[in-house]
Protein chains: 2
Amino acid sequence: MLRQAGVKVTQPRLRVLSCLLEAQAALSHAEIESWLSAEDAGELDRVTLYRVLDSLVGCGIASRSLDARGVFRFMLKSMQLAHAEHAHFHCQRCGRVFCVASMPVPTPSLPTGFVGISVALEISGLCPPCA
Amino acid sequence: MLRQAGVKVTQPRLRVLSCLLEAQAALSHAEIESWLSAEDAGELDRVTLYRVLDSLVGCGIASRSLDARGVFRFMLKSMQLAHAEHAHFHCQRCGRVFCVASMPVPTPSLPTGFVGISVALEISGLCPPCA
DNA sequence: ACACCAGATGCAACATTGTTGCATCTGGTG
DNA sequence: CACCAGATGCAACAATGTTGCATCTGGTGT
Ligand SMILES: [Mn+2]
Ligand SMILES: [Mn+2]
Ligand SMILES: [Zn+2]
Ligand SMILES: [Zn+2]
């Protein structure tokens, strides 16, 4: 994937990529850091991890989003694309996120000058168990 | 508004409230701080401003949301309601938020059991100056 | 008018998340 | 195998938000 994307294949990038490949959800910098520090290989520098994540996003392998606390989270672009076309429901009580396949995300129609990069349709409320 | 909401009417709350009443968009802590520091009255303590904003959100006068950089922004709840029907554009670089009147927020069609409370259509990208 | 006190304020210290500068190292290329 | 663009590691810095605590004050009851 790294070679395909035209970036250097380095140990830190391979280690972070394997995290993202295994992950079931979007991971924060802190989560990846603690996951990696549990491995046999040495710790990965905090700043290097930030820069690895930047490079993975920059070359299109990963995507970056914000969680409810304002912390950036990362997932493979391939995984993210599967969720880009439908809405997501955020339960205000339990925090869980549900896919809402019945609500497609509309195509952006922006005023001239604006460059749209992503569109998200987010519903807040109470999920069945919480309601 | 403060008396109505059942919280003490204090000078800091009145000053912050007047900012939010004048504001054309959701304001960040930093924006409110610099706006207030330009006034005749003395500077308002950073921490007090955080706590005033918390109290305004807590008593239902204001609403809190995240901008594209992960910074919290605040606006009057009443004003927020006026923005519930259209999309919003978040600049990834400068954090500013723009109304996109041309993109209406779709009516929620949720699976049975889910209780929708709010719907947001959020576009991320670069605003004209930043692009 | 006055005393009282829950809660609001101001200040210092701290925590978390993310960025910048710079010296050194290394993956890939010729 | 030499070279170098770019990646890494470390230190310092920046931005945003939180906690602890002493002091002050808005509102209430007398
Ligand atoms: Mn989904
Ligand atoms: Mn709007
Ligand atoms: Zn729930
Ligand atoms: Zn911008």
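Within every chain, numbering begins at 1; the chains are lettered A, B, ... in the order of the sequence lines, protein sequences first and strands thereafter.
Within the shown strands, C/dC14 is the pairing partner of D/dG17 under the Watson-Crick or G-U definition, both distances less than 3.5 Å. Within the shown strands, D/dG6 is the pairing partner of C/dC25 under the Watson-Crick or G-U definition, both distances less than 3.5 Å. Across all strands shown, C/dG30 pairs with D/dC1; the Watson-Crick or G-U wobble distances both stay below 3.5 Å.
The nearest whole Å value for the distance from the CZ atom in A/Arg64 to the P atom in C/dT17 is 15 Å. A straight line from CG of A/Leu66 to P of D/dG17 spans 12 Å, rounded to a whole angstrom. Whole-Å rounding puts the B/Leu2 CG to D/dT25 C1' distance at 15 Å. Between B/Phe74 atom CZ and D/dT16 atom P the separation is 12 Å, expressed in whole Å. Atom P of nucleotide D/dG17 and atom OH of B/Tyr50 are separated by 4 Å, given to the nearest angstrom. Between the CD1 atom of B/Ile32 and the C1' atom of D/dG17 there is a distance of 14 Å, given to the nearest Å. One can place CZ of B/Arg69 at 9 Å from P of D/dG17, the figure rounded to the nearest angstrom. B/Arg93 has its CZ atom 19 Å from the P atom of C/dG18, to the nearest Å.
Ring geometry for A/Tyr50 against A/His29 counts as parallel: the plane angle stays under 30°, on a 0 to 90° scale with 60° as the upper cut. Classified by interplanar angle (parallel below 30°, tilted 30° to 60°, perpendicular above 60°), the ring pair A/His83/A/His86 is perpendicular.
Note that CZ of A/Arg69 is 9.5 Å distant from CZ of B/Phe72, once rounded to the nearest 0.5 Å.
Under a 3.5 Å cut-off, the side chain of B/Arg64 and the backbone N or O of B/Val57 do not form any donor-acceptor pair. A donor-acceptor pair under 3.5 Å is absent between the side-chain atoms of B/Arg13 and the main chain of B/Leu2, judged by distance alone.
Closest to the side chain of B/Arg46, out of D/dG17, C/dT19, C/dG18, is D/dG17.
Follow the hydrophobic side-chain contacts under 4.5 Å out from B/Val52 and you reach B/Met79 in the same cluster.
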Using a cut-off of under 3.5 Å, enumerate the N/O to N/O pairs linking the protein to nucleotides 7-11 of chain C.
{"from": "C/dA8", "atom 1": "O5'", "to": "B/Arg13", "atom 2": "NH2", "distance (Å)": "3.0"}
{"from": "C/dT9", "atom 1": "OP1", "to": "B/Thr10", "atom 2": "OG1", "distance (Å)": "2.7"}
{"from": "C/dG10", "atom 1": "OP2", "to": "B/Thr48", "atom 2": "OG1", "distance (Å)": "3.1"}
{"from": "C/dG10", "atom 1": "O6", "to": "B/Arg51", "atom 2": "NH2", "distance (Å)": "2.4"}
{"from": "C/dC11", "atom 1": "N4", "to": "B/Arg51", "atom 2": "NH2", "distance (Å)": "3.3"}

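Heavy-atom contacts from other residues, nucleotides or ligands closer than 6.0 Å to CD of A/Glu85 number 12 or fewer.
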